[in-house]
Participant: 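So that we are looking at the same thing, I have put the structure below in structure tokens.
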Amino acid sequence: MGKKLVFINDFSKEEIYEIFNLADKLTENKGTEKLLEGKTIVLFFPESSIRTRVTFEKGIQELGGKTILFPPSALDKKEKIEDAIGYLENWVDAVVVRHSDIEVVKSMAQYASIPIINAMTSENHPCEIITDLYALSKIYNDIENKKFLFVGAKGNIGNTWKKAAGLIGFELEQCCPEGYELENIKSYSNLEEAVLGKDIICTDSIPVKAKEEFKEYQITLQHMKKANVGAILNPCPPFYRGEEVSEDVINSDYFVGYEFKKPLLEVQQAIICYLLAR
């Protein structure tokens, strides 16, 4: 595989489950593992990042590592990425990068001999979806047999759910207006029909320019009642009440809750440690 996580399928299915097992061990041994002692990891994060940055930075420090933070704009210079990473490798052990342009992350991974971890681009969001799969595996023993519905436009979250479905083997369908479909995924234009028979309903925030087109695609409490018994709603944060999800559904037991994202810390720790060990 190489020392990188650019796309979720840079890992095999078996490796995803190895990361889950490592995340379990890190959770069980909280505060005692110092697997990153003596390691320095560079983070490229924008000021707007909250959950992903907090969990990466805290997670590294918990394991005894040190972090150095830069804004993503530090990579948008005349200097070539291969030269920047060539120098960084003299002093750091891994790079975690959040940058809108997937080509920047791919270029870093191409030229680096140290682990490069994609913390989000406009194309995808692998750490987020790996963590969602981990959290779902604690709710269901058979996520591979569950039926997922993604309600939203083609984008970084939808793209990554699609690759996750191909990797893990679960059934994924989409609901969205015409023109926002993921390729090679069954898509519905009618939300009432789409939710039928589904176990896990995932959403993404609505693109600003598409708000009018998506006004009939808000997941409400009534929609969740039409899904399978035991169905759950997993909205990708930041979510917006009154847009992709209703107030009543977020206040219901269908919402996975804020603790669903708690394992971001341990799963991202596991990803870093797994890559460094290779």
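Counting begins at 1 with the first residue of the sequence. Owing to the predicted nature of the structure, the values given are computational and were not obtained by experimental measurement.
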Participant: What I'd like to find out is whether the side chain of Lys106 reaches to under 4.5 Å of the side chain of Lys4, using heavy atoms alone.
Facilitator: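 Of all side-chain heavy-atom pairs linking Lys4 with Lys106, none is under 4.5 Å.
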Participant: Could you give the distance from CG (Asp24) to CD (Glu266), rounded to the nearest 0.5 Å?
Facilitator: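 Going from CG on Asp24 over to CD on Glu266, the span is 9.5 Å.
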Participant: Is it the case that over 12 heavy atoms from other parts of the model lie below 6.0 angstrom from the NZ atom of Lys138?
Facilitator: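 It does: Lys138 NZ has more than 12 such atoms within range.
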Participant: Does any part of the side chain of Glu123, heavy atoms only, come nearer than 4.5 Å to the side chain of Asp101, both counted from C-beta?
Facilitator: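 No; the side chains remain at least 4.5 Å from each other.
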Participant: Apply salt bridge (Lys or Arg N to Asp or Glu O under 4.0 Å) to Glu244 and Lys211, showing your working.
Facilitator: CA-CA 9 Å; Glu244 73 270 29; Lys211 286 211 165 71; over 6 Å; no
Participant: Any donor-acceptor pair under 3.5 Å linking the side chain of Asn156 with the backbone of Thr121?
Facilitator: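 Answer holds: yes.
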Participant: For residues Ser205 and Glu243, determine if any side-chain heavy atom of one lies less than 4.5 Å from a side-chain heavy atom of the other.
Facilitator: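 Contact flag for Ser205/Glu243 side chains = no.
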Participant: To the nearest 0.5 Å, how far apart are NZ in Lys198 and CD1 in Ile200?
Facilitator: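 It is 12.0 Å, given to the nearest 0.5 Å.
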Participant: How far does NZ of Lys226 sit from CD1 of Ile201, to the nearest 0.5 angstrom?
Facilitator: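 These two atoms lie 11.5 Å from each other.
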Participant: Would a distance-only check, ignoring hydrogens and angles, find a side-chain to backbone donor-acceptor pair under 3.5 Å from Thr160 to His125?
Facilitator: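 A pair under 3.5 Å: yes.
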Participant: Would you call Phe170 and Leu133 a side-chain contact if the rule is heavy atoms closer than 4.5 Å?
Facilitator: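 SC-SC contact between Phe170 and Leu133 confirmed.
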Participant: Measuring from atom CD1 of Ile8 to atom CG of Leu167, what distance do you get when rounded to the nearest 0.5 angstrom?
Facilitator: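 Output value for this atom pair is 6.0 Å.
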Participant: Does Glu193 have any side-chain hydrogen bond (donor to acceptor under 3.5 Å, both in side chains) partners at least two apart in sequence or in another chain, and if so, which?
Facilitator: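 With sequence neighbours excluded, Glu193 shows a side-chain hydrogen bond (donor to acceptor under 3.5 Å, both in side chains) to no residue whatsoever.
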Participant: For side chain to side chain contact (heavy atoms under 4.5 Å, CB included), just list the numbers for Phe7 and Lys163, CA-CA rounded to whole Å, side-chain angles, deciding distance to a tenth of an Å, and then say yes or no.
Facilitator: CA-CA 8 Å; Phe7 297 94; Lys163 285 187 179 292; 3.8 Å; yes
Participant: Apply side chain to side chain contact (heavy atoms under 4.5 Å, CB included) to Ile19 and Tyr134, showing your working.
Facilitator: CA-CA 9 Å; Ile19 287 167; Tyr134 175 81; over 6 Å; no
Participant: Is Ile117 reachable from Val42 through a run of hydrophobic residues whose side-chain heavy atoms are each under 4.5 Å from the next?
Facilitator: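 In one cluster with Val42: Ile117, no.
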Participant: Determine, step by step, whether Asn159 and Lys154 satisfy the side chain to side chain contact (heavy atoms under 4.5 Å, CB included) criterion, reporting the C-alpha distance in whole Å, the side-chain angles of both residues, the deciding distance to 0.1 Å, and the verdict.
Facilitator: CA-CA 6 Å; Asn159 288 339; Lys154 177 183 177 181; 3.6 Å; yes
Participant: Less than 4.5 Å apart, side chain to side chain, heavy atoms only: is that true for Val95 and Met108?
Facilitator: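 Touching, per the 4.5 Å side-chain cut-off.
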Participant: May I ask you to check whether Tyr17 and Phe11 place their ring centres under 6.0 Å from each other?
Facilitator: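 Aromatic pair excluded; centres sit 6.0 Å or further apart.
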Participant: Using atom types as modelled and distance alone, determine if a side-chain donor or acceptor of Tyr217 lies under 3.5 Å from a backbone N or O of Ser189.
Facilitator: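 Yes.
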Participant: Are Leu182 and Ile219 linked, directly or through intermediate hydrophobic residues, by side-chain heavy-atom contacts shorter than 4.5 Å (ILVMFWY only)?
Facilitator: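 Both belong to a single hydrophobic cluster.
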Participant: Should the pair Phe148 and Trp161 be assigned to parallel (<30°), tilted (30 to 60°) or perpendicular (>60°) ring geometry?
Facilitator: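 Because their plane-to-plane angle lies in the 30° to 60° range, the rings of Phe148 and Trp161 count as tilted.
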Participant: Got a donor-acceptor contact below 3.5 angstrom from the Ser49 side chain to the Phe45 backbone?
Facilitator: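 Answer holds: no.
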Participant: Treating Glu171 as the side-chain partner and Asn145 as the backbone partner, does any N or O pair qualify as donor plus acceptor under 3.5 Å?
Facilitator: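 Not at all, since once roles are kept as given, no pair shorter than 3.5 Å links the two residues.
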Participant: Side chain to side chain contact (heavy atoms under 4.5 Å, CB included) for Asp93 and Ile114? Distances and angles first, verdict last.
Facilitator: CA-CA 6 Å; Asp93 301 283; Ile114 58 175; 5.8 Å; no
Participant: In terms of hydrophobic clustering (I, L, V, M, F, W, Y; side-chain heavy atoms under 4.5 Å; direct or indirect links), are Met120 and Leu275 co-clustered?
Facilitator: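 No, Met120 does not connect to Leu275 through the hydrophobic network.
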Participant: Evaluate the side-chain proximity of Cys273 to Leu36: yes if any heavy-atom separation is below 4.5 Å, no if none is.
Facilitator: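 They are in side-chain contact.
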Participant: What's the separation between atom CG in Asn9 and atom CD in Glu15, rounded to the nearest 0.5 Å?
Facilitator: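 Here the interatomic distance stands at 11.0 Å.
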Participant: Tell me, do Asp248 and Asn251 make a side-chain contact under 4.5 Å, heavy atoms counted?
Facilitator: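 Side chain of Asp248 against side chain of Asn251, heavy atoms only: no contact under 4.5 Å found.
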Participant: Is any NZ, NE, NH1 or NH2 atom of the basic residue among Lys215 and Glu212 found under 4.0 Å from an Asp or Glu carboxylate oxygen of the other?
Facilitator: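 Yes, charged N to carboxylate O under 4.0 Å.
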Participant: Using atom types as modelled and distance alone, determine if a side-chain donor or acceptor of Gln110 lies under 3.5 Å from a backbone N or O of Ser107.
Facilitator: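 Judged by distance alone, no pair lies under 3.5 Å.
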Participant: Step by step, would you call Thr55 with Gln268 a side-chain hydrogen bond (donor to acceptor under 3.5 Å, both in side chains)?
Facilitator: CA-CA 8 Å; Thr55 48; Gln268 289 169 171; 2.9 Å; yes
Participant: Just by distance, do the side chain of Glu192 and the backbone of Asn190 share a donor-acceptor pair under 3.5 Å?
Facilitator: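 Checked: no pair found.
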Participant: Check whether Glu89 reaches the backbone of Ser113 with its side chain - one donor and one acceptor, N or O, closer than 3.5 Å.
Facilitator: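 Yes, Glu89 side chain to Ser113 backbone: donor-acceptor pair under 3.5 Å.
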Participant: Measure the CG-CD distance between Leu63 and Glu37 for me, rounded to the nearest 0.5 Å.
Facilitator: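 Rounded to the nearest 0.5 Å, the CG-CD separation comes out at 10.0 Å.
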Participant: Does Gln174 reach the main-chain N or O of Tyr180 with its side chain, forming a donor-acceptor pair under 3.5 Å?
Facilitator: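 Yes, Gln174 side chain to Tyr180 backbone: donor-acceptor pair under 3.5 Å.
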Participant: Using the salt bridge (Lys or Arg N to Asp or Glu O under 4.0 Å) rule, take Lys147 and Glu173 through it: C-alpha gap first, then chi angles, then the decisive distance, then the call.
Facilitator: CA-CA 8 Å; Lys147 295 185 177 181; Glu173 296 178 344; over 6 Å; no
Participant: I'd like to know if Ile272 and Trp91 are part of one continuous hydrophobic network [Ile/Leu/Val/Met/Phe/Trp/Tyr, side-chain heavy atoms within less than 4.5 Å].
Facilitator: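 Per the 4.5 Å side-chain linkage, Trp91 and Ile272 are not co-clustered.
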Participant: Under the 6.0 Å and 45° cation-pi test, does Lys162 pair with Phe150?
Facilitator: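 No cation-pi geometry.
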Participant: For atom NZ of Lys262, is the number of surrounding heavy atoms from other residues, nucleotides or ligands below 6.0 Å larger than 12?
Facilitator: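 No, because the 6.0 Å sphere around NZ of Lys262 holds 12 heavy atoms or fewer from other groups.
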Participant: Report yes or no: does Glu247 contribute a side-chain atom to a donor-acceptor pair with the main-chain N or O of Arg241 at less than 3.5 Å?
Facilitator: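 No, the answer is negative, given that no donor and acceptor are paired below the 3.5 Å cut-off.
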Participant: Show the numbers, then the answer: is there a side-chain hydrogen bond (donor to acceptor under 3.5 Å, both in side chains) between Arg98 and Thr52?
Facilitator: CA-CA 9 Å; Arg98 183 165 180 158; Thr52 312; 3.2 Å; yes
Participant: Quick one: list whatever passes side-chain hydrogen bond (donor to acceptor under 3.5 Å, both in side chains) with Glu216, sequence neighbours left out.
Facilitator: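 Checked Glu216 against side-chain hydrogen bond (donor to acceptor under 3.5 Å, both in side chains); zero matches.
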Participant: Asp199 and Tyr140: side-chain hydrogen bond (donor to acceptor under 3.5 Å, both in side chains), yes or no, with the steps?
Facilitator: CA-CA 10 Å; Asp199 301 296; Tyr140 303 107; 5.9 Å; no
Participant: Less than 4.5 Å apart, any side-chain heavy atom of Asp132 and any of Lys261?
Facilitator: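 A side-chain contact under 4.5 Å exists here.
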Participant: Sort out for me which residue in Val96, Val105, Asp10, Val104 forms a side-chain contact (heavy atoms from CB on, under 4.5 Å) with Asn118.
Facilitator: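 Output: one option passes, namely Val105.
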Participant: Following the transitive rule for hydrophobic clusters with a side-chain heavy-atom cut-off under 4.5 Å over Ile, Leu, Val, Met, Phe, Trp and Tyr, establish whether Leu88 and Leu69 coincide in one cluster.
Facilitator: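 Unlinked, Leu88 and Leu69 end up in two clusters.
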Participant: With sequence neighbours left out, what residues match Asp142 under side-chain hydrogen bond (donor to acceptor under 3.5 Å, both in side chains)?
Facilitator: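 If we apply the side-chain hydrogen bond (donor to acceptor under 3.5 Å, both in side chains) test to Asp142, skipping adjacent residues, there are no hits.
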